[in-house]
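Since the structure comes first, as structure tokens, the remarks are kept for the end.
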Amino acid sequence: MVLHRAAFVALIALGAGSLLFDLTMGFRLPSDADWAEAAGSLRSRARPGDAVQIWPVWAERVRLFVDAAPVLAEEDLEHADYLEVRRLWVLSLPRTPFFRTPDPALRARGATAAGEVQRFGALALQAWDLHAAALAADLTRSSEEHEVDYVARRCLRVPPGGRFAARGTAGTALHLRAGIIGERAYDADRPPIAVQVFADGAPLGILEVARTVRDGTGWRRLDVAIPSGAAEREFLFAVSSSDRARQLCLQAWTTR
Amino acid sequence: MTDKALARALGFLTAAALAVTQAPVGFVRDEGYYFAAAQRYEAWLRLLLHAPLQAVAETEQYWAYNFEHPGLTKLLFAVSHLIFTTWLRVLPDALAWRLPAFAFAGLLSYWLCLLGLSRSRAAGVLAPLLFWCAERTFFHGHLACFDVPICAMWTGVGLAWLRGTGPRLATTYGLALAVKHNAWFLPPVLLVHALLLPRDQRTAGLRKLPWLLLSPAVLFVFWPLLWHDPLRHLRDWIAFHTHHVHYAWWYFGQVLRAPPFPVEYPLVLDAMVLPLPTVALLAAAGISLLAGFARRRLESQRLLELGLAGAALLPFLLRTTPIFGGIKHWLAFVALLTPEAASLLARVAPQPRLLVPAAVATLAAGAWQIAHVHPYGTSAYGELSGGIPGAATLGMQRQYWSNNVTGVLPWLNANCPPGARVYFHEVNVESYRTYVLVGMLRGDIRYAPDPEQADYVALQWHREFRDREPETWNAFGTRRPATGLYLDEVPQVVVYARPGLPGGP
């Protein structure tokens, strides 16, 4: 009888708890007014070199409201490059289920909070200084964006067999990122794509873009020191593969 | 009210509830194909009435389309449309095509009620309620597809096996075969069930089993494609499903593209999408049946329910069966657990007067889910996954089948200039034509093949199609959407307009 009564109470509690969770969901989500207020705040405070990172990354409704700075939806905050971004505004929905604060990932990359958290209803807004190395030259200067590994990347499409050359300030390090656009990155039994990098004809390194097996690993990285020499150099990126059906996207820049 | 009358009433109520709530339900990709098939079959039916010999001679011409699924349900869609729309002009096209699906849903309620009634009257009422009181199942009940019909027939074959005569079993199983290939798995279940019964029942069961040999005749009758060159068409049918493609499916942050899939996948997905109290009761029902089986205390009906539920799920535990489509491919697993779950629910109330609060507590979350999410059924998630926002954070499939586009059609109708080209993304051209046909989309709005050639773009958010959004940004020169369908803030369909066009930035 006690067990029976306990089961009844548990069922009532489960049902009531579930319904309570459902009915209160609206209070954990931002209203249009919250979005508009956050967008207004960004409009008055954003400067050139700022960007807005949404968190969680699915909160892309922000694009309807925020126009003061580029909206980014990077998934790996610790390792994202945030090229040319000096200050990052993290606009988050901290009351949503399974929310995990982005702060540890940002701190792990050396970023520091540049102000208090501002609340706009269910939204939280906080600026972060990224303390990124100063950009020497954006070599690819792509105005287009392509999806690689489920994130929109400002990168340049270069087919296997193609080359891309750019002249720019050498700085101290070259950063190359590359990945295969779209779902074809996961095609089985495909050979890797290699990107060879030269600076004024001297080889700097090779980045191999193999088939992506696990989500989150498809945007390959190569960071190399640039040997001393001329302040400005001709960089050449040669893309090669025996399979030319897939599209490679690459992004390259140098830092001081 | 007699038991049968109660079951019939629940069946009619189910069909009526689905008919009343079907209008806003978008046309899923497969429905587009089945509507197109039904139109061809209707043309064949009219030919059959006027020139029967010619119709019989030309079955291939009309029935080769959508050869991968048997004919019965599509034939019923066609008959319904022929009678209620073409001849009588009393129903709109979509409702006429979907009407037979509601009948199957009603049958499912009827049969679940009968299974529940063998335990108690309360269980008879609660079993169908437990099944339908969730947006995923409720949504699927609306579609002119095969998932709820085969779920119904799966249950119906069970009842025919338990209570029917040999001819009735043969007919019911033949109809199941003529609905969907899932029915291939039923004879082994019935055989194992018979073998596990006490001797006298076993003998009776084994004597009834050979009647199934007559069932393919029903498949043959209701699938005119088989009337010519049946072996080739049967081979094509089987080959299609034994070599079915694997569509990408997002699951806990990883896109599943090919086997092996996680063994726990179907059970976890059920737990994630259904309302939590329902999940708890179904889990209790499963445990109760398994415990009864282990102790050899299951009588014939409960043993069969366990077998049918398990058989509905088993292919998806093998790790190689395609897993796309949410829970729709193993709806019978949920359905066959509901009579036991309903019985447990009825028994958990310490006094009869406390049954209603217990039932309300169990069903309220599901009712809210329907009220809150319908008609966007493929996006529904339960409390265990944190609702739709929680599921998005966990990296679960956001939606599928493209029907959520209905959420932005009114905006497109209001804003698109005459002759505007719209890239509808996952919406196939068959569904697009049906939206135009039924008046949900303006007839002058054209179907664009890609964002480059479009004035407007309606992107359905799929992890595996993320490349389409930056493609649109590049083509349109803006990253600012014009509008969208967002469920609890989570993007489902995002609309972009070229700058300068009405509604655009």
Side-chain angles (χ1 to χ4, degrees), chain A residues 1 4-5 7-23 25-26 28-30 35 56-67 70-71 75 93 95-100 122 143-154 181-184 186 188 214-216, chain B residues 248 250 253-255 257-258 275-277 280-281 284 344-345 347-350 354 357-358 360-365 368-369 372 382-383 385-395 398 461 463-471 473-474 479-484 486 488-491 494 505:
Chain A
M1 193 61 192
H4 204 134
R5 209 169 274 276
F8 176 73
V9 171
L11 185 66
I12 297 285
L14 191 65
S18 298
L19 193 61
L20 189 68
F21 173 85
D22 294 333
L23 295 176
M25 179 64 88
R28 281 170 268 157
L29 300 171
W35 283 117
V57 288
W58 52 259
E60 291 181 271
R61 203 161 88 92
V62 66
R63 294 186 196 279
L64 287 167
F65 299 90
V66 170
D67 51 10
V71 174
E75 299 192 345
L93 282 68
R95 294 185 205 156
T96 51
F98 306 119
F99 179 82
R100 294 171 73 177
S143 58
E144 290 200 341
E145 292 191 49
H146 298 281
E147 178 264 310
V148 177
D149 213 8
Y150 305 117
V151 175
R153 322 266 181 189
R154 206 153 56 77
I181 297 172
E183 281 293 294
R184 302 217 60 186
Y186 295 86
R214 192 169 170 78
D215 298 0
Chain B
W250 205 27
Q254 291 291 313
V255 177
R257 298 178 179 81
L276 184 54
L281 265 177
L344 292 175
L345 173 57
R347 278 157 39 201
V348 94
L354 292 176
V360 169
T362 305
L363 300 171
W368 166 255
Q369 194 184 46
H372 186 55
E383 294 77 14
S385 48
I388 296 171
T393 300
L394 293 173
R398 190 93 37 106
W461 201 104
R463 182 73 166 174
E464 72 275 22
F465 301 139
R466 291 301 287 147
D467 52 337
R468 287 310 203 183
E469 193 161 31
E471 231 175 272
W473 296 344
N474 297 337
R479 294 172 193 162
R480 186 162 196 172
T483 187
Y486 301 87
D488 287 341
E489 286 296 318
V490 179
V494 183

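What's counted below: heavy atoms across the whole structure, side chains too, no hydrogens, waters or symmetry copies. Per chain, numbering begins at 1; letters A, B, ... match sequence-line order. These figures come from a predicted structure and were not determined experimentally.
- Of all non-hydrogen atoms in B:N474 and A:H146, the two that sit nearest each other are ND2-CE1, 3.7 Å.
- Neither the backbone nor the side chain of B:L344 comes within contact range of chain A; no heavy atom of the residue lies under 4.5 Å from a heavy atom of that chain.
- A:R5 pairs by the side-chain contact (heavy atoms from CB on, under 4.5 Å) definition with A:M1, not counting sequence neighbours.
- To the nearest 0.5 angstrom, B:W473 atom CH2 is 4.0 Å from A:R63 atom CZ.
- Heavy-atom pairs under 4.5 Å with chain B were tallied for A:G17, A:G26, A:P97; the largest tally goes to A:P97.
- Both the backbone and the side chain of B:L354 come within contact range of chain A, with heavy atoms under 4.5 Å apart.
- Between chain A and the residues B:P505, B:A482, B:A392, B:A280, the largest count of heavy-atom pairs under 4.5 Å involves B:A392.
- Heavy-atom pairs under 4.5 Å with chain B peak, among A:D22, A:L14, A:L19, at A:D22.
- Ranked by heavy-atom pairs under 4.5 Å with chain A, the list B:E471, B:R398, B:E469, B:R463 is led by B:R463.
- For B:Q369, no part sits under 4.5 Å from any heavy atom of chain A, backbone or side chain.
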Legend entry - Pair A:L64-B:Y486, side-chain contact (heavy atoms from CB on, under 4.5 Å): steps then yes or no: CA-CA 11 Å; A:L64 287 167; B:Y486 301 87; 3.6 Å; yes

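- Using a distance-only test at 3.5 Å, with no hydrogens or angles considered, no donor-acceptor pair links the side chain of B:H372 to the main chain of A:L23.
- Classification of B:D467 and A:R184 as a salt-bridged pair fails, no side-chain N sitting under 4.0 Å from a carboxylate O.
- Contact record, B:P277 with A:G15: CG-CA, 3.8 Å, taken as the closest heavy-atom pair.
- Closest of all the heavy-atom pairs between A:F98 and B:T393 is O-CG2, 3.5 Å.
- By number of non-hydrogen pairs under 4.5 angstrom with chain B, the leading residue of A:V148, A:T96, A:L29, A:L20 is A:L29.
- Of the residues considered (B:A258, B:P389, B:A248, B:A365), B:P389 shows the highest number of contacts with chain A, using heavy-atom pairs under 4.5 Å.
- In terms of non-hydrogen atom pairs under 4.5 Å with chain B, the most contact-rich of A:A59, A:G182, A:S143, A:S18 is A:S18.
- Across all non-hydrogen atoms, the minimal contact from B:E489 to A:W35 is OE1-NE1, 3.0 Å.
- Counting heavy-atom pairs closer than 4.5 Å to chain A, the top residue among B:P481, B:A391, B:P357, B:A364 is B:P481.
- Looking at A:R214, the atoms closer than 4.5 Å to chain B (heavy atoms on both sides) sit in the backbone and in the side chain alike.
- Closest approach of A:W58 to B:D488, counting heavy atoms only: CZ3-O, 4.3 Å.
- Ranked by non-hydrogen atom pairs under 4.5 Å with chain A, the options B:A284, B:P275, B:S385 are led by B:S385.
- Each of A:E183, A:E60, A:E75, A:E147 was checked for a salt bridge (charged side-chain N to carboxylate O under 4.0 Å, His left out) with B:R466, and the lone residue meeting it is A:E60.
- With chain B as partner, the option from A:P70, A:P30, A:G216, A:P56 having the largest number of non-hydrogen pairs under 4.5 angstrom is A:P30.
- When each of B:V494, B:L394, B:T362 is checked for heavy-atom pairs under 4.5 Å with chain A, B:L394 comes out on top.
- The two residues B:V348 and A:A7 make their nearest non-hydrogen contact at CG2-CB, 3.4 Å.
- Both the backbone and the side chain of B:R480 come within contact range of chain A, each with at least one heavy atom under 4.5 Å from a heavy atom of that chain.
- For the atom pair CZ of A:F21 and CD of B:E383, the computed distance is 7.0 Å after rounding to the nearest 0.5 Å.
- At least one donor-acceptor pair under 3.5 Å links the side chain of A:D215 to the backbone N or O of B:V255.
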